[in-house]
Amino acid sequence: MLGIMVSMVKLADLATIAPGPALVAFSVLIFMLAGAQAAFASERVWSMVRVPRFGAIPHDLKHFIECHTCHLTVPLTETVKAKMQCPRCDSHLHIRKPDSQQRTWALVIAAFACYIPANVLPIMETTSLGSTQYDTILSGIIFLLNHGSWHLALIVFIASVLVPLLKIAILIFLLISVHFRFNWRPKERTQMYRLAELVGKWSMVDIYVVTIMVALVQMGNLASIAAGAGAIFFCAVVILTMFAAMTFDPHLIWDNLENRNGRLSARHA
């Protein structure tokens, strides 16, 4: 929806734009889909799948593991350790995400390497009456400001410039804190990770704008719009940061604190 609104402002220079009834229907559709997704409970689907009994669970068992697919809490008995397979969805169980720090570092470094050309190279090439104009992300924000759409310019700036950079910075900070075993505010660091995981997809606004305008404006020599090299790098930044957030294991934030509390309990004992 934001991509359509930004595209309408940019297309106003090339043609007369009049919103049609489909735009209103599309706006209603977005809110209906969001409400349906919020009301749907995936746990009810998994509750219909029969789970085999685990058998006798020892009273001194301290370790449980959660399935990353169906979120079933599985007691880590000797039988489960032998198979390491979820009894409900047959997915492979992991006590920790495999090679979490190494994979996250690799994805974050790759995303940062793509971030610079994503903002320097043109994201869109507009040809009108024989002359070609190259637009970067920042020039698009300035364009919206000059046309009085400061609210859309602010949204695009936050989504396309601030959010990817902030997400990279948060992941780097979390990786450094885990590497040096910081005990500083683990709850707040976990909330930072959840925030970085949540806002990743909102950075795709500019990609939607380019996609919509490329599809609409193909008028031969009169006017045409094509995606620039910056769009490829920007899309890579968004995808790489999303994968980086998925590979990072937030349990690592609490491991050092748990080990420290365990040592203190042993001393008191």
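Evaluation of the ring-ring contact (aromatic ring centres under 6.0 Å, His included) test over residues 31-51, restricted to residues two or more places apart or in two chains, returns none. Among residues at least two apart or in separate chains, ring-ring contact (aromatic ring centres under 6.0 Å, His included) pairs with a member in residues 78-126 are H92-H94. Sorted by first then second residue, the side-chain hydrogen bond (donor to acceptor under 3.5 Å, both in side chains) pairs that include residues 229-246, not counting sequence neighbours, number zero. The side-chain hydrogen bond (donor to acceptor under 3.5 Å, both in side chains) analysis of residues 155-166, with sequence neighbours excluded, yields the pairs S160-D206. Evaluation of the salt bridge (Lys or Arg N to Asp or Glu O under 4.0 Å) test over residues 38-51, restricted to residues two or more places apart or in two chains, returns none.
Residues forming a salt bridge (charged side-chain N to carboxylate O under 4.0 Å, His left out) with E188 (at least two apart in sequence, or on another chain): R185. Checked against side-chain contact (heavy atoms from CB on, under 4.5 Å), S139 has the following partners two or more places apart in sequence or in another chain: D135, T136. For F243, there are no ring-ring contact (aromatic ring centres under 6.0 Å, His included) partners two or more places apart in sequence or in a different chain. Contacts of I30 classified as side-chain contact (heavy atoms from CB on, under 4.5 Å), with partners at least two apart in sequence or in another chain: M1, F26. With sequence neighbours excluded, the residues forming a ring-ring contact (aromatic ring centres under 6.0 Å, His included) with F248 are Y193, listed by chain and number. In this view, R181 satisfies the salt bridge (charged side-chain N to carboxylate O under 4.0 Å, His left out) rule with no residue, not counting sequence neighbours. Residues satisfying the side-chain contact (heavy atoms from CB on, under 4.5 Å) criterion with A244, sequence neighbours excluded, are T104, L107, V108, L171.
Put simply, the side chain of S177 does not reach to within 4.5 Å of the side chain of I253, judged on heavy atoms. The shortest side-chain heavy-atom distance between L93 and C67 falls under the 4.5 Å cut-off. In this structure the side chain of I141 reaches within 4.5 angstrom of the side chain of I137, judged on heavy atoms. For the pair Q37 and L33, the minimum side-chain heavy-atom distance is 4.5 Å or more. The shortest side-chain heavy-atom distance between M124 and Y134 does not fall under the 4.5 Å cut-off.
In this structure, M246 places its CE atom where only 12 or fewer heavy-atom neighbours from other residues, nucleotides or ligands lie under 6.0 Å away.
Shortest non-hydrogen contact noted between T69 and C89 is CB-SG, 3.8 Å. Of all heavy-atom pairs spanning P87 and V74, the tightest one is CD-CG2, 4.0 Å. What you find for M192 and F173 is that their closest heavy atoms are CE-CD2, 3.8 Å. What you find for P250 and R194 is that their closest heavy atoms are CG-NH2, 4.0 Å. Of all heavy-atom pairs spanning G3 and I212, the tightest one is C-CD1, 3.8 Å.
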Just do the side-chain contact (heavy atoms from CB on, under 4.5 Å) check on L165 and V161 with the steps written out, would you? CA-CA 7 Å; L165 188 61; V161 179; 5.9 Å; no

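No donor-acceptor pair under 3.5 Å is formed between the side chain of S91 and the backbone N or O of C86. Side-chain N or O atoms of K167 include none that pairs as donor or acceptor with a backbone N or O of V238 at under 3.5 Å. Under the 3.5 Å distance criterion, the side-chain polar atoms of R88 are matched with a main-chain donor or acceptor of C70. Listed for the E197 side chain is no donor-acceptor partner under 3.5 Å among the backbone atoms of A245.
Atoms CG and CG, on D99 and D249 in that order, are 11.5 Å from each other to the nearest 0.5 Å. Rounding to the nearest 0.5 angstrom, the gap separating the CD atom in Q85 from the CG atom in D90 is 5.0 Å. For the atom pair E66 CD and L72 CG, the distance stands at 8.5 Å (nearest 0.5 Å). For the atom pair OG1 (T247) and CE (M242), the distance works out to 12.0 Å, reported to the nearest 0.5 Å. Here S27 contributes atom OG and M32 contributes atom CE; the two are 13.5 Å apart, rounded to the nearest 0.5 Å. For the atom pair CG (L121) and CZ (F234), the distance works out to 13.5 Å, reported to the nearest 0.5 Å.
In terms of hydrophobic clustering, with Ile, Leu, Val, Met, Phe, Trp and Tyr side chains grouped at heavy-atom distances under 4.5 Å, V209 and V237 are assigned to a common cluster.
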